[in-house]
Asker: 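Please find one structure pasted underneath; my questions will follow.
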Number of protein chains: 2
Amino acid sequence: MSPTLRDVAERAGVSIRTVSNVVNGFAHVAPATRARVEQVVAELGYRPNTVARSLRQGRSRMLALVVPELDVPYFAELTRFVIEHAAARGYTVVVDQTDGDPTRERELIMNGTTANLFDGVIFSPIALGGADLRDRTVTTPVVLLGERASAVGLDHVMIDNVTAAGLATRHLIELGRTRIAAIGDQNDETRQTARLRTLGFRQAVTEAGLRVDPVLLRSTSFFHRADGAAAMAELLALADPPDAVFCYNDLLALGALRTALQHGVRVPEDIAIIGFDDIEDGRYSTPSLSTISPDKEQIARLAVELLANRLDGDTTEPVEVPADFTLQARESTLGR
Amino acid sequence: MSPTLRDVAERAGVSIRTVSNVVNGFAHVAPATRARVEQVVAELGYRPNTVARSLRQGRSRMLALVVPELDVPYFAELTRFVIEHAAARGYTVVVDQTDGDPTRERELIMNGTTANLFDGVIFSPIALGGADLRDRTVTTPVVLLGERASAVGLDHVMIDNVTAAGLATRHLIELGRTRIAAIGDQNDETRQTARLRTLGFRQAVTEAGLRVDPVLLRSTSFFHRADGAAAMAELLALADPPDAVFCYNDLLALGALRTALQHGVRVPEDIAIIGFDDIEDGRYSTPSLSTISPDKEQIARLAVELLANRLDGDTTEPVEVPADFTLQARESTLGR
DNA sequence: TCATGGGCTTGCAACGTTGCAAACTTGCTC
DNA sequence: GAGCAAGTTTGCAACGTTGCAAGCCCATGA
């Protein structure tokens, strides 16, 4: 067993409370006492028991970050920033992945299995929709990440997906492409991200006076490399294949890129490809990947700030905070 | 505040202890009592307070996984497996990243800032060596991951890096390459991984009757894509550049690949490239990346098992468990 | 000499849970 | 019908910490 306040107190010949005062740098402690206690603390290697402290204080200074998949680079990169910003505000972050499983998402967010363990939650939902989230019974503060439709009554950091998708699509149009495909639409009603990006895509194509050929709008089950690869194979098999593709994330785009090159299709000469997320992989692929780059550092910072403020007692109305994004045009659309 | 056992007990007209018995599925509880308590539990939305439970029981059923960088795909992929296996044994995993910072590594492992919070730690060290680890004061069980030299008196899951590096190098030699470079050596004595891979590389080259040209052994500060890209640029600038490169991980290899292609060097015709880790990126690059594939799922499983057994009271001598690896020959060495 | 006050130290209780062991209630056997 | 075992329920204490408020001590000034 690790030593406790009692052990230190006995050995130093003072009360438990005094040791606690020293450890917490409290109030008035005589220099001599402080020195003696500190020495014993060092001798015994005393460390405050986090669990007992949490119980007593009713807070743990731990935040949960709930993401669909940790090994999806976008979330891994985001996680780094969240951890950094949380640390700056004195919080430890625990990461949990849901695999987009509604049951698991519900378990973590809705009914508070972990309610007393974390002071707050940053949650990037996949399956749970606004309706689900509205009747949460747990009162642990939550900040939503990503693209979920609003009006949930929870703080929310997101980027404007319609505009961002339009930006990507217009970039392809401006390059003179006319037969533009999209990979990543999802039939599932709850997948807001995909729906919003499809909306932005459609708007941009239509506004440019082009037509959205239904066969060029490819649905995928997931947002993984394999899905992008498969979708691109289908597109290339068409009698009249596209001359540009907007992929709803970089993994899809990297899968699509791989398939295109394998089929001897030149990128961007024959088909231009643009992704979304600006993960590091895309900067080192050949050709390097054009993409929409959400400001991940800003997203993480805003989310942590919102949450930390709530925990500091901020009771104003929940807000919806937009995050910035930019177009990163690279070789997969511009060429070398 | 969330409801406690006391709240449920009062409302159900039973003692706190009985509610606890119901919640824990204990012993003999009359069906009628159980039903009533369960109803109140549902009504109030009672959830056991994890923190209080941990304090009382002296264990949290949480494991810490300490890795250098979460956004390095190898660790992200490994983390997924660790979380899965830990869940299967009833543990929750908390992930923490150290950025390879010795202070932070020490803080997490050595002096137990978090000692009472976690029942055990799975630790992938970068900076801390065997000597450091030997005089740990904390008694929380630890399983080491990766390539650290042994004799530390801690459980340890690793792959045989010398053999693995040799396997990669021989693959290049068998393809007829004679001027073979290596990227990823590190001057820092504590970086065992790099040293062992260099050793395996040297041995294989020498055994094949070839010479290790010192200029072809490139050191890097980190194991990131940018380091691989920079090292490859240096190699290509040589009067007599290599015809094959063994990179100590896949990120280095992907960076090197990018630089090679940018310089108009054909891979593998002009330079064959092989990496290490078998991260998903490498399967979708063009050309796809040959690599050494450690069995990550096995590594995670062994680590969790070792740790869980210790927590179940296993007091046998610490063991050193080897994990499997295979050669994955792909386009970056074989061509299309 | 005694009251005053500030610096310093302390005991008690409580956070929500569970181990322990006692106590109570049945129903059954002899 | 008494005794006993099994089934059921309970009170107490403790895990290690900190908020609260009281109490101690000594120096100062009247």
Side-chain angles (χ1 to χ4, degrees), chain A residues 1-38 40-41 44-62 112-119 138-140, chain B residues 1-38 40-41 44-62 112-119 138-140:
Chain A
M1 272 326 286
S2 42
T4 68
L5 283 181
R6 152 180 258 111
D7 299 324
V8 177
E10 279 175 8
R11 182 139 168 188
V14 296
S15 75
I16 291 182
R17 201 61 191 74
T18 296
V19 181
S20 174
N21 284 338
V22 171
V23 170
N24 291 288
F26 264 0
H28 312 284
V29 179
T33 311
R34 156 157 289 132
R36 187 148 33 91
V37 170
E38 277 172 349
V40 176
V41 163
L44 298 183
Y46 167 80
R47 296 285 151 179
N49 182 319
T50 327
V51 174
R53 198 174 252 183
S54 292
L55 177 61
R56 181 60 239 242
Q57 300 188 329
R59 64 205 172 86
S60 60
R61 301 213 68 89
M62 292 204 298
T113 313
T114 53
N116 306 287
L117 192 49
F118 304 114
D119 295 347
V138 189
T139 54
T140 310
Chain B
M1 272 325 283
S2 43
T4 69
L5 283 182
R6 153 182 257 111
D7 299 325
V8 177
E10 279 175 6
R11 181 137 168 190
V14 296
S15 75
I16 290 182
R17 202 61 189 74
T18 296
V19 180
S20 174
N21 284 338
V22 171
V23 170
N24 290 288
F26 264 179
H28 312 284
V29 178
T33 312
R34 158 156 287 134
R36 186 149 33 94
V37 170
E38 277 173 349
V40 176
V41 163
L44 298 184
Y46 168 79
R47 298 284 151 181
N49 181 321
T50 327
V51 174
R53 198 175 252 182
S54 292
L55 176 60
R56 181 59 239 243
Q57 300 188 330
R59 64 202 171 86
S60 61
R61 299 213 69 89
M62 293 206 297
T113 313
T114 53
N116 306 286
L117 191 50
F118 305 114
D119 295 347
V138 189
T139 55
T140 310

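No experiment lies behind these values; they were computed from the predicted model shown. To find a chain, count down the sequence lines: A is the first, B the second, and so on, and within it residues start at 1.
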Asker: Look at the side chain of Arg56(B) against the base of dT18(C) and say whether a donor-acceptor pair falls under 3.5 Å; ignore hydrogens and angles.
Answerer: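 Present.
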
Asker: Within less than 4.0 Å of OP1 or OP2 of dT9(C), is there a side-chain N or O belonging to Ser15(A)?
Answerer: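 Result: no.
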
Asker: Rounded to the nearest angstrom, tell me the gap between atom CG in Leu5(A) and atom P in dT18(D).
Answerer: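 The distance from CG of Leu5(A) to P of dT18(D) comes to 6 Å, rounded to the nearest Å.
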
Asker: Among dC15(D), dT17(D), dT17(C), which nucleotide has an atom closest to any side-chain atom of Ala52(A)?
Answerer: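 For Ala52(A), the side-chain atoms sit closest to dT17(D).
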
Asker: Is the side chain of Arg59(B) donor-acceptor paired with the backbone N or O of Asp119(B) at a distance under 3.5 Å, no angle test?
Answerer: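 Here the side-chain-to-backbone pair does not exist.
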
Asker: Please state how far atom CG in Asn21(B) lies from atom P in dT18(C), giving the value in whole angstrom units.
Answerer: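 About 9 Å, once rounded to whole Å.
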
Asker: Name the closest nucleotide to the Pro31(A) side chain, picking from dC8(C), dT18(D), dT8(D).
Answerer: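 Closest nucleotide among those given: dC8(C).
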
Asker: Whole angstrom is fine here: how far is it from CG in Leu117(A) over to P in dG16(C)?
Answerer: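 Those two atoms, CG and P, are 15 Å apart.
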
Asker: Mind checking if Thr33(A) touches a base, just sugar-phosphate, or nothing, with heavy atoms under 4.0 Å?
Answerer: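 The residue Thr33(A) makes sugar-phosphate contact but no base contact.
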
Asker: Should Met62(B) and Thr50(B) count as side-chain neighbours, where that means a heavy-atom distance under 4.5 Å?
Answerer: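 Answer no - side chains too far apart.
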
Asker: Is the phosphate of dT18(D) approached by Ser20(A) (side-chain N or O, under 4.0 Å from OP1 or OP2)?
Answerer: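 So the side chain of Ser20(A) is within the cut-off, an N or O lying under 4.0 Å from OP1 or OP2 of dT18(D).
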
Asker: Of all the heavy-atom pairs spanning Leu55(A) and Val51(B), show the shortest one and how long it is.
Answerer: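 So the minimum-distance heavy-atom pair works out to N-CG1, 3.5 Å.
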
Asker: To the nearest Å, give me how far apart CG (Asn24(B)) and C1' (dT9(D)) are.
Answerer: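 Those two atoms, CG and C1', are 15 Å apart.
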
Asker: Roughly how many Å is it from CG in Asp7(A) to P in dC15(D), rounded to a whole number?
Answerer: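 Taking CG of Asp7(A) and P of dC15(D), I get 10 Å after rounding.
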
Asker: Examine dT18(C): is either OP1 or OP2 under 4.0 Å from a nitrogen or oxygen in the side chain of Arg53(B)? Give yes or no.
Answerer: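 Yes, Arg53(B) has a side-chain N/O under 4.0 Å of OP1/OP2 on dT18(C).
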
Asker: Check the distance between dA14(D)'s P and Asn49(A)'s CG and give it to me in whole angstrom.
Answerer: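 Distance check: Asn49(A) CG to dA14(D) P gives 18 Å.
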
Asker: Any donor-acceptor pair under 3.5 Å between the side chain of Arg17(A) and the base of dG19(D)?
Answerer: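 Pair found.
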
Asker: Using side-chain heavy atoms (C-beta onward) and a distance below 4.5 Å, is Leu44(B) in contact with Val8(B)?
Answerer: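 Leu44(B) vs Val8(B): side chains touch.
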
Asker: Between Val37(A) and Val40(A), is any pair of side-chain heavy atoms under 4.5 Å apart?
Answerer: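 No, side chains not in contact.
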
Asker: Choosing from dT17(C), dT18(D), dT10(D), which nucleotide comes nearest the side chain of Thr4(B)?
Answerer: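 Looking only at side-chain atoms, Thr4(B) lies closest to dT17(C).
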
Asker: Rounded to the nearest Å, what distance is computed from the CD1 atom of residue Ile16(A) to the P atom of nucleotide dA13(C)?
Answerer: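 Result: 14 Å.
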
Asker: Can you figure out which of dT10(D), dG16(C), dT18(D) approaches the side chain of Gln57(A) most closely?
Answerer: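 Of the candidates, dT18(D) comes closest.
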
Asker: Mind calculating the distance between CZ (Arg6(B)) and P (dT17(C)) to the nearest angstrom?
Answerer: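 So the CZ-P distance, Arg6(B) to dT17(C), works out to 11 Å.
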
Asker: What nucleotide among dG19(D), dT9(C), dT17(C) has an atom nearest to a side-chain atom of Thr18(A)?
Answerer: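 Nucleotide nearest to Thr18(A)'s side chain: dT9(C).
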
Asker: For a quick check of understanding: with a heavy-atom distance under 4.0 Å over all strands, which category does Val14(B) fall into, base, sugar-phosphate or nothing?
Answerer: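 Result for Val14(B) = sugar-phosphate.
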
